[in-house]
Amino acid sequence: MSHNLTVGTPVKIKPGFHDKETEIDMSGWTGRVSEIEDNQILVEFDDETIDAFPDEYVMHQLDNERDHNYYWIYYQALDTIRSSSGSSGENVSSFSEAKPVSRRKALGKVLAWSGGTILAGYLLYQCVSDDDDDVTVTEEDSVALQKKEGWDTGADDLKVAFNAPTEMDYMGMPSSQWNKYKNPDMLKKVYMPSNERFKKYSSASLYESLGQKTLQTQMKASANQITKTTFNKGLGVRQILLDAQNPEVNLVVVDLKGWESVAVGAALADVADLIPTFNNWPHPLGEVPAHETLATSLYYASYVEREKAKNTAKKRATVMLLDRNRFESEKDGKLKPIKEGNFDNRYNVDLPTVDELKSAGITNVVYITPSELEIEKDDINEEFATYREKGIQVALLPISRFEETKEQVAAANQNPNRTGQYATNYYYGGSPMGSMFFFYHYPMYRSYYRTSIPSGAYNRYASAPNYSPARRTTSFASRSVGGKGGFGKTRPTGFGKVTVNRSMATGKTVGFGSSFRSAYRSGGGTRSGSFGRSRGGGFFS
């Protein structure tokens with residue numbers, strides 16, 4: 001917290017502040033701090049301010065089911081009111097005794113102000129049979145709600161922020177050229193699989209979010225240095241696939257942070273069939289930072305499109321791209337609660353069944369994780385355990401094992417990592433001989449080349465990680481009939497869902513969550529109950 005305000009502190013809105021929705025100048029409005037949420041302050045206005053409210057403001061608040069006596073505002077827009085002694089005064093102005101003002105009481109005050117004219121008739125019409133608790137509470141799928149009410153529902157005054165936005169994409173194209181990939185159909189064409197074999201396990205949801213213009217306008221290409229390094233490690237994986245006689249019998253499951261998985265997928269675009277599984281939408285308050293995965297997809301889009309066009313090999317590995325941020329679990333298999341105030345855009349993934357793998361000639365699964373300490377996430381534990389039980393070999397391949405080395409190259413070499421006469425490449429074990437060790441450690445891949453290790457050759461990894469997936473208690477369970485795995489999983493209550501409050505009188509959404517605090521902090525909403533408290537120059541940080 002970066003302010004010294006406490007509950008009860010008298011405050012005044014600074015000069016020049018205007019309500020975002022009505023553009024009414026609120027300079028000098030006074031009240032006291034009622035609640036504090038990090039950098040946002042709930043101000044309860046004093047009687048003097050309430051008596052001077054413009055009719056337009058009160059009408060707007062009532063029409064939108066809000067308690068006009070309260071207002072959420074950033075602390076930066078407030079000044080502390082001090083007494084003549086120089087300390088913060090406690091009784092600068094008088095306040096209404098009852099914090100929640102009923103809609104009917106507020107209407108009475110407005111009617112008194114308006115003199116009983118047309119405004120009275122309008123407000124009385126709005127008031128009929130509309131008690132404060134006349135709302136319906138439903139639980140809705142987060143993506144379905146975003147499709148219906150906007151990707152940034154409940155937080156439309158916020159923008160998504162990117163770690164490393166760039167005007168140039170990986171190919172050096174300026175935004176005026178790569179902007180075409182903001183068209184969801186273009187991006188789907190680039191990343192979605194053309195092979196029907198495992199297409200049902202892919203998801204175009206993340207790319208389809210760009211169909212909403214307000215998101216499309218905000219989106220940028222982005223790739224930080226870690227992402228770029230991960231791409232180069234992916235090139236090391238690519239070399240192994242090129243050196244393997246049998247890449248087609250291997251399913252590679254890349255389970256890194258979403259943007260890093262995209263980078264690995266881009267590096268493999270010309271030697272593998274990519275299956276993206278990013279099944280959510282970005283949100284300014286999203287628990288899962290899906291916008292970064294989308295931004296990295298834009299960064300590599302032109303490269304992936306070019307490389308996929310070269311991908312004519314008959315023997316190709318199948319590579320599934322997962323976002324390791326898709327959810328988090330406790331050690332006992334229960335889901336961790338999402339961060340207070342975040343929008344629940346979590347999701348789970350499904351993997352092919354044993355029968356589907358075998359019918360496609362796949363006998364091995366290679367699981368790429370950040371490090372040797374990272375085992376499979378809860379939503380794929382059941383599949384991995386079943387693979388092992390049914391004779392599909394599952395091996396763990398930490399991306400951290402691909403380490404850099406500098407090699408001298410010819411001046412004409414077009415390696416994008418070349419600096420002068422040297423290029424930085426990433427090999428298994430950090431050595432050009434690393435591939436030889438890889439084929440010893442991961443014998444499910446057969447090398448085209450002799451695999452005897454030269455005398456004196458060194459690799460700091462003695463063997464593949466000791467990994468064998470075993471069933472454990474999780475929050476997910478595959479649907480099954482007669483003992484056979486079914487497509488899809490049962491999910492925990494509330495997972496990837498938002499509690500929506502709607503007015504029974506108007507059918508309009510009046511808040512998210514079952515209480516005032518959750519209405520504002522679990523995905524946004526600008527209202528609470530059927531008569532919420534106003535949000536000002538941005539409730540959310």
- Message: Is it true that, when you exclude Lys188 itself, more than 12 heavy atoms of the residues, nucleotides or ligands shown sit nearer than 6.0 Å to its NZ?
- Response: yes

- Task: Would you mind reporting whether Thr474 and Ser329 have side-chain heavy atoms less than 4.5 Å apart?
- Result: no

- Message: Taking the basic N atoms (NZ, or NE/NH1/NH2) and the acidic carboxylate oxygens, is any pair closer than 4.0 Å for Arg238 and Asp270?
- Response: yes

- Message: Does any part of the side chain of Ser447, heavy atoms only, come nearer than 4.5 Å to the side chain of Gln245, both counted from C-beta?
- Response: no

- Message: With heavy-atom distances below 4.5 Å as the criterion, would you say the side chains of Pro469 and Ile375 are in contact?
- Response: no

- Query: Cut-off 3.5 Å, side chains only: do Thr386 and Arg471 have a donor facing an acceptor?
  - Reply: yes

- Message: What I want to check is whether the side chains of Asp273 and Thr318 have a donor and an acceptor closer together than 3.5 Å.
- Response: no

- Looking at Arg346 and Gly494, what are the two nearest heavy atoms and their distance? NH2-O, 4.2 Å

- Message: Under a 3.5 Å cutoff, is there a donor and acceptor pairing between the side chains of Tyr201 and Glu356?
- Response: yes

- Query: Is a side-chain N or O of Trp178 found less than 3.5 angstrom from the main chain of Tyr170, in a donor-acceptor match?
  - Reply: no

- Message: For the residue pair Lys336 and Phe327, would you count it as a cation-pi contact if the rule is NZ or CZ under 6.0 angstrom from the ring centre and within 45 degrees of the ring axis?
- Response: no

- Note on the structure: The reported gap from CD in Gln393 to CD1 in Ile362 (rounded to nearest 0.5 angstrom) is 14.0 Å

- Asn466 atom CG, neighbour heavy-atom count above 12 within 6.0 Å: no

- Spacing of CG belonging to Leu158 relative to CD belonging to Gln218, to within rounding of 0.5 Å: 9.0 Å

- Message: Once you measure the plane-to-plane angle for Tyr428 and Tyr461, does it fall in the parallel (<30°), tilted (30-60°) or perpendicular (>60°) bin?
- Response: tilted

- Message: A side-chain contact here means heavy atoms from C-beta on lying under 4.5 Å apart; do Gln146 and Phe343 qualify?
- Response: yes

- Between Thr296 (side chain) and Thr293 (backbone), is there a donor-acceptor pair under 3.5 Å? no

- Item | Interatomic distance, Leu351 atom CG to Met320 atom CE [nearest 0.5 angstrom] | 5.0 Å

- Atom of Ala155, atom of Pro284 and distance for their closest heavy-atom approach: O-CG, 3.9 Å

- Report yes if the side chains of Glu140 and Lys148 come closer than 4.5 Å at any heavy-atom pair, otherwise no. yes

- Message: Could you tell me if Thr229 and Asn232 have a donor-acceptor pair between their side chains, going purely by distance under 3.5 Å?
- Response: no

- Message: Main chain of Leu298, side chain of Asp169: is a donor-acceptor contact present, judged purely on distance under 3.5 Å?
- Response: no

- Task: Step by step, work out the side chain to side chain contact (heavy atoms under 4.5 Å, CB included) result for Phe402 and Ile240.
- Result: CA-CA 11 Å; Phe402 289 85; Ile240 286 173; 3.8 Å; yes

- Above 12 or not: heavy atoms from other molecules or residues under 6.0 Å from NZ of Lys220? no

- Message: Under a 3.5 Å cutoff, is there a donor and acceptor pairing between the side chains of Glu404 and Thr424?
- Response: no

- Query: Closest heavy-atom contact between Pro289 and Asn325?
  - Reply: CG-ND2, 4.2 Å

- Query: Quick one: are Val271 and Leu242 in side-chain contact, heavy atoms under 4.5 Å?
  - Reply: yes

- Is there a donor-acceptor pair under 3.5 Å between the side chain of His291 and the backbone N or O of Phe162? no

- Please tell me if the side chains of Glu372 and Arg401 come closer than 4.5 Å, counting only heavy atoms from C-beta onward. yes

- Would Thr499 and Glu139 satisfy side-chain hydrogen bond (donor to acceptor under 3.5 Å, both in side chains), going step by step from the backbone distance to the final call? CA-CA 4 Å; Thr499 301; Glu139 188 175 69; 4.6 Å; no

- Item | Lys310 atom NZ, over 12 foreign heavy atoms within 6.0 Å | yes

- Go through Arg316 and Glu248 one step at a time and tell me if the salt bridge (Lys or Arg N to Asp or Glu O under 4.0 Å) criterion holds. CA-CA 5 Å; Arg316 299 195 294 268; Glu248 77 283 0; over 6 Å; no

- With Arg324 as reference, evaluate Glu374, Glu260, Glu376 under the salt bridge (charged side-chain N to carboxylate O under 4.0 Å, His left out) test and give the passing residue. Glu374

- Any chance you could measure Met219, atom CE, to Ser209, atom OG, to the nearest 0.5 Å? 7.5 Å

- May I ask you to decide if Leu321's main-chain N or O and Ser261's side chain share a donor-acceptor pair within less than 3.5 Å? no

- Message: Determine whether Lys358 and Ile392 satisfy the following criterion, side chain to side chain contact (heavy atoms under 4.5 Å, CB included), listing intermediate values before the conclusion.
- Response: CA-CA 9 Å; Lys358 290 184 175 179; Ile392 300 288; 4.1 Å; yes

- Separation between OG (Ser468) and CG (Leu396), nearest 0.5 Å, reads 11.5 Å

- Check whether the ring centres of Phe495 and Tyr347 lie less than 6.0 Å apart, and answer yes or no. no

- From CA spacing to verdict: side chain to side chain contact (heavy atoms under 4.5 Å, CB included), Val365, Val253: CA-CA 7 Å; Val365 173; Val253 179; 4.1 Å; yes

- Worked check of side chain to side chain contact (heavy atoms under 4.5 Å, CB included) between Asn163 and Glu292: CA-CA 8 Å; Asn163 287 328; Glu292 291 285 6; 3.3 Å; yes

- Check the angle between the aromatic planes of Tyr445 and Phe438 and answer parallel, tilted or perpendicular using the 30° and 60° thresholds. tilted

- May I ask you to decide if Met444's main-chain N or O and Asn246's side chain share a donor-acceptor pair within less than 3.5 Å? yes

- Message: Just checking Lys257: does its NZ atom have more than 12 heavy atoms from other residues, nucleotides or ligands closer to it than 6.0 angstrom?
- Response: no

- Task: Mind telling me whether Tyr300 and Tyr303 have parallel, tilted or perpendicular rings, with 30° and 60° as the class edges?
- Result: perpendicular

- Note on the structure: Paired with Arg491, the salt bridge (charged side-chain N to carboxylate O under 4.0 Å, His left out) test is passed by just one of Asp141, Asp379, Asp378, namely Asp141

- Item | Flag for Glu287-Asn345: side-chain donor and acceptor within less than 3.5 Å | no

- Item | Donor-acceptor under 3.5 Å (Gln212 side chain, Trp151 main chain) | yes

- Query: Counting only heavy atoms not in Lys159, do more than 12 sit closer than 6.0 Å to its NZ atom?
  - Reply: no

- Item | Non-hydrogen side-chain atoms of Tyr442 and Asn364 separated by less than 4.5 Å | no

- Item | Side-chain donor or acceptor of Asp355 paired with backbone N/O of Leu357 under 3.5 Å | no

- Just by modelled atom types, is the Ala221 backbone N or O under 3.5 Å from a matching donor or acceptor in the Thr166 side chain? no

- Mind checking the CG-OG1 spacing from Leu251 to Thr363? Nearest 0.5 Å is all I need. 10.5 Å

- Reference residue Tyr207; test ring pair (Phe, Tyr, Trp, His ring centres under 6.0 Å); the match among Trp281, Tyr181, Tyr191: Tyr191

- Taking the side chain from Ser222 and the backbone from Ala295, do they hold a donor-acceptor pair closer than 3.5 Å? no

- Which heavy atom in Ser297 sits nearest to a heavy atom in Leu187, and how many Å separate them? O-CD1, 4.3 Å

